[in-house]
2 protein chains.
Amino acid sequence: METEIAVRKLSALAHEGRLAVFRALVKAGPGGVAAGDIARKLKTAANTMSAQLLMLSNAGLIRARREGRSIIYAVDFEQMSSLLLFLTQDCCGGRAEICAPLAAVATSCCPPKRKQRA
Amino acid sequence: METEIAVRKLSALAHEGRLAVFRALVKAGPGGVAAGDIARKLKTAANTMSAQLLMLSNAGLIRARREGRSIIYAVDFEQMSSLLLFLTQDCCGGRAEICAPLAAVATSCCPPKRKQRA
DNA sequence: ATGATATTTCCATATTACATGAAATATGGA
DNA sequence: TCCATATTTCATGTAATATGGAAATATCAT
């Protein structure tokens, strides 16, 4: 991951409301949640929620799909994992074996395309 | 970790310069690096670097200690781990066993107080 | 087509963050 | 004490971002 992209992801998360949205989506898992449902759950105005979802989406942290009149948002777990990897990369002066496993575990979380574990 | 504190950490990281500083310190490990050395390495003015280190420090991501005329900064790996844990908490709708191990691995990285692994 | 639901876009304003030059503080050596 | 090194603090102009009301767009049902 490039630094600029990581900064965009971190900026998207560096906001009380958006962080709450992201965490709610992390909890929800790959199935995702409709924009309106998140807005109601977090007691946020629809337009505000839309802006927050847009920013998370532009950062690549979440993805949107239409389903009827609703738009369902779900975390892009691969992107999330690569961000965590980026933050922990080369941890402790090259002794990657100490910290790198973090990345592997992250990657194994809710894989969107490859084989599931449980 | 509380949301407000996580936002402060993420805000501190959501900046090209500060993210570079943080990653350099992650690479350096618990030993840390002097403020001036980081500034030279990243070709940043001393006062700018000072502001960046202050913000990372206020967020709790790094710690400072004086050593002669230099001030050495090092990542607070426990704080870093708890941030990663916060982001991945309750991942995938309660099926924590899928994602929670991430936290355990993160915690095992460069423990500042408990027993070292390698 | 009309109305209801779901979400987004537009816009104005208020707030906050950023970079930089210059000065201040702290430490150690002669 | 005087000077050099190391880092921080201060002040300021500029730029980025947040918020919320109102309007626009898209979908579905009647």
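Each chain gets a letter, A, B and so on, in the order its sequence line appears, and its residues count up from 1.
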Going by side chain to side chain donor-acceptor pair (under 3.5 Å), name the residues that satisfy it together with [X], two or more places apart in sequence or in a different chain.
X	result
A/Glu4	none
A/Arg63	A/Asp76
A/Arg40	A/Asp37

Is there a chain of hydrophobic side chains (I, L, V, M, F, W, Y, each step under 4.5 Å between heavy atoms) that links A/Met49 to A/Leu19?
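Yes; A/Leu19 is reachable from A/Met49 via cluster members.
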
Is there a chain of hydrophobic side chains (I, L, V, M, F, W, Y, each step under 4.5 Å between heavy atoms) that links B/Leu53 to B/Met55?
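Each belongs to a different hydrophobic cluster.
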
Send over the distance from [X] [atom1] to [N] [atom2], rounded to a whole Å.
X	N	atom1	atom2	value
A/Lys43	D/dG20	NZ	P	16 Å
B/Ile38	D/dT8	CD1	C1'	14 Å
B/Leu54	D/dA6	CG	P	20 Å
A/Ile71	D/dT27	CD1	P	9 Å
B/Lys41	D/dA6	NZ	C1'	19 Å
A/Leu53	C/dT7	CG	C1'	10 Å

Bracket notation of DNA chain C in which parentheses pair within the strand, [ ] cross earlier pairs, and | pairs with another strand (Watson-Crick or G-U, under 3.5 Å):
||||||||||||||||||||||||||||||

Contact class for [X] (heavy atom, under 4.0 Å): base, sugar-phosphate, or nothing?
X	value
B/Ala46	base
A/Ala34	sugar-phosphate
A/Ser70	sugar-phosphate

Do A/Val26 and A/Met80 make a side-chain contact, defined as non-hydrogen atoms from C-beta onward lying under 4.5 Å apart?
yes

Would you say the side chain of A/Thr88 lies within less than 4.5 Å of the side chain of A/Leu84, judging by non-hydrogen atoms?
no

Identify all pairs in which a protein N or O lies below 3.5 Å from an N or O of nucleotides 22-30 of chain C, and state each distance.
{"from": "C/dA22", "atom 1": "N6", "to": "B/Asn47", "atom 2": "ND2", "distance (Å)": "3.2"}

For C/dA6 and A/Tyr73 - does any side-chain N or O of the residue sit under 4.0 Å from the phosphate oxygens OP1/OP2?
no

Could you give the distance from [atom1] ([X]) to [atom2] ([Y]), rounded to the nearest 0.5 Å?
X	Y	atom1	atom2	result
B/Arg65	B/Ile71	CZ	CD1	11.5 Å
A/Leu83	A/Leu10	CG	CG	5.0 Å
B/Gln52	B/Phe22	CD	CZ	14.0 Å

Sub-3.5 Å donor-acceptor pair from the side chain of A/Arg18 to the main-chain atoms of A/Ser11, do we have one?
yes

List, with names and distances, any nitrogen or oxygen atoms from the protein found under 3.5 Å away from nitrogen or oxygen atoms belonging to nucleotides 16-19 of chain C.
{"from": "C/dC18", "atom 1": "OP1", "to": "B/Arg18", "atom 2": "NH1", "distance (Å)": "3.3"}
{"from": "C/dC18", "atom 1": "OP1", "to": "B/Arg18", "atom 2": "NH2", "distance (Å)": "3.1"}
{"from": "C/dC18", "atom 1": "OP2", "to": "B/Arg18", "atom 2": "NH1", "distance (Å)": "3.3"}
{"from": "C/dA19", "atom 1": "OP2", "to": "B/His15", "atom 2": "NE2", "distance (Å)": "3.4"}

